[in-house]
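Remember, it's a predicted structure, so these values are computed and weren't measured experimentally.
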Amino acid sequence: MFPPVAPTPATGGPGAGGPPDADGPGGPGGPGDSGGAGDSGEPEGTGGPEASGTDEGASDSGERRKKKGSFWKELPLLLVIAVVLALLIKTFLVQAFSIPSESMENTIKVGDRVLVNKFSPWFGAEPERGQVVVFHDPGNWLQEAPKQSDNAVVRGLQKGMSWVGLMPSADEKDLIKRVIGVGGDRVQCCDAQGRLMVNGKPLDESSYLKKGVAPSTKVFDVTVPKGRIWLMGDNRDNSSDSRYHMDQPFNGTVDKDQVIGRAFTVVWPLNRIHGLGVPGTFDQPGLGLDVIGGTPMAAGLIGAVPLVWWRRRRRGGPEERTATRSPSAAPPA
């Protein structure tokens, strides 16, 4: 008789030798489960390291394709939004203008690009002395029609870019000058030293006049009507400004409503970027006719009224302060 042979232990990991009713041949612990925790040693549902890497790579490439596709789908919308914003900015905020003449040298030279603030006039701001402004031709100041390119492609490109405010329009007749006098001012040329005078105060124009150019070779004495402005170029020898249109109604002055906006900076070329501030000579005491302007004072009062009213309502109205007297107290002597 041979000795009894001991039964061979079951292999295949935990659960392989369990009762049939536990997992069975097709269960996650049975020998027939290729994805279970059996001989492969891999977690359930994975196809091994290679299969996992392949799935992740396919997922990444699919996401990239989706991102590229979504960008091209959104591009037309982005372009439409950009054009709308550009139109709003051009109409209400800022517009670029190209300078074609020498009338504002050396402050602004031919070919310079300036930015014009169109926002302030919407809130009632008016041109002030010393500011550089762009304005519509008030009446044949520009005798020549604006020049346009002979190339149809260039003309179309300029029209398109001017429509969104990236370039000035070739069809518009606009000018750029410096405000010397506003409504009510008396502007004269000149005093004994050859200086321009505003309301009897001489102007020191050395900071902005072109070197070697006199303030004016044309003698004049003008009182600016209300609602109008007197304009002159910084290159007085080469500027057809208010002085040369005194034969027109209102003695060469321009209606302030013709002003497009204030030029506040030169942005091109890069080596000429600089601001266009108001020279200090226009801030000298006594130059203005009013010590305190009526419009700012009125605006301040109008703004103060609702503020005071709001504060009073918030506090619940003024407190009533009445003197109290004890009934037993003696009457005043």
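In this structure, Val187 is a member of the same hydrophobic cluster as Leu287, with clusters built from ILVMFWY side-chain heavy atoms closer than 4.5 Å. Both Phe119 and Val267 are part of a single hydrophobic cluster, where members link through side-chain heavy atoms under 4.5 Å apart. The cluster map of Ile, Leu, Val, Met, Phe, Trp and Tyr, joined by side-chain heavy atoms under 4.5 Å apart, puts Tyr244 and Val222 in different clusters. Grouping the Ile, Leu, Val, Met, Phe, Trp and Tyr side chains by contacts below 4.5 angstrom, directly or via other members, places Met232 with Tyr208.
Within the 3.5 Å criterion, the main-chain N or O of Thr281 finds no donor-acceptor partner in the side chain of Glu205. With Asp237 contributing its side chain and Val213 its backbone, the two residues share no donor-acceptor pair below 3.5 Å. Side-chain N or O atoms of Lys201 include none that pairs as donor or acceptor with a backbone N or O of Gln284 at under 3.5 Å. Side-chain N or O atoms of Arg243 include one that pairs as donor or acceptor with a backbone N or O of Arg236 at under 3.5 Å. Distance alone, capped at 3.5 Å, is enough to place a donor-acceptor pair between the Arg178 side chain and the Gly130 backbone. Although no hydrogens or angles enter the test, the distance criterion places no donor-acceptor pair under 3.5 Å between the side chain of Asn117 and the main chain of Gly261. Judged by distance alone, the side chain of Gln258 and the main-chain N or O of Asp255 form no donor-acceptor pair under 3.5 Å. Of the possible donor and acceptor atoms, one in the side chain of His274 sits under 3.5 Å from a partner among the backbone N and O of Thr107. A distance-only check finds no donor-acceptor pair linking the side chain of Arg186 to the backbone of Gly184 [under 3.5 Å]. Within the 3.5 Å criterion, the main-chain N or O of Thr253 finds a donor-acceptor partner in the side chain of Arg228.
Proximity of Phe250 to Val224: side-chain heavy atoms (C-beta onward) are nowhere separated by under 4.5 Å. Side-chain contact between Arg129 and Val182 is present, with heavy atoms from C-beta onward closer than 4.5 Å. Between Leu276 and Val266, some side-chain heavy-atom pair lies under the 4.5 Å cut-off. Residues Asp234 and Asn106 form no side-chain contact, since every pair of their non-hydrogen atoms from C-beta on lies 4.5 Å or further apart. Side-chain atoms of Leu209 and Pro215, non-hydrogen and from C-beta on, do get closer than 4.5 Å to each other. Between Val179 and Leu231, the closest side-chain pair of non-hydrogen atoms falls below 4.5 Å. Inter-residue side-chain proximity for Val110 and Pro100 is flagged as unmet; no heavy-atom pair is nearer than 4.5 Å. A heavy-atom distance below 4.5 Å is not found between the side chains of Arg195 and Cys190.
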*asked:* Using side-chain contact (heavy atoms from CB on, under 4.5 Å), reason through Lys109 and Ile99 one step at a time and then give a plain yes or no.
replied: CA-CA 7 Å; Lys109 295 186 176 182; Ile99 307 304; over 6 Å; no
*asked:* With side-chain contact (heavy atoms from CB on, under 4.5 Å) as the criterion, how do Trp230 and Val198 come out once you've worked through the C-alpha distance, each side chain's angles and the decisive distance to 0.1 Å?
replied: CA-CA 11 Å; Trp230 178 270; Val198 177; over 6 Å; no
*Please lay out, stage by stage, how Ile260 and Lys118 fare under the test side-chain contact (heavy atoms from CB on, under 4.5 Å).*
CA-CA 6 Å; Ile260 298 171; Lys118 303 173 70 174; 3.9 Å; yes
_Between Phe135 and Lys177, is the side-chain contact (heavy atoms from CB on, under 4.5 Å) condition met? List the steps._
CA-CA 8 Å; Phe135 58 101; Lys177 306 291 180 188; 3.6 Å; yes
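Here the CG-NE2 distance, from Asp257 to His136, works out to 10.5 Å after rounding to the nearest 0.5 Å. Distance check, rounded to the nearest 0.5 Å: CD1 of Ile108 to CZ of Arg113 gives 12.5 Å. Note: Arg262 CZ to Leu115 CG = 12.5 Å, rounded to the nearest 0.5 Å. Asp112 contributes atom CG, which lies 15.0 Å from atom CZ of Phe97 (distance to the nearest 0.5 angstrom). Rounding to the nearest 0.5 Å places CD1 of Ile176 at 8.5 Å from OG of Ser101.
Annotation: salt bridge (charged side-chain N to carboxylate O under 4.0 Å, His left out) contacts involving residues 209-220, sequence neighbours excluded, comprise Glu105-Lys210.
The 12-atom threshold is exceeded at CG of Asp221, counting heavy atoms of other residues, nucleotides or ligands nearer than 6.0 Å.
Listed here is the closest heavy atom pair of Pro127 and Lys256: CD-CB, 4.2 Å. In plain terms, the two heavy atoms of Trp141 and Gly252 that are nearest each other are CZ2-O, 3.5 Å. The heavy-atom pair separating Cys189 from Leu196 by the smallest distance is CB-CD1, 3.8 Å. Closest non-hydrogen pair, Ser240 versus His245, comes out as OG-NE2, 3.2 Å. Listed here is the closest heavy atom pair of Val254 and Pro138: CG2-CG, 3.9 Å. Closest non-hydrogen pair, Glu102 versus Asn235, comes out as O-ND2, 3.1 Å.
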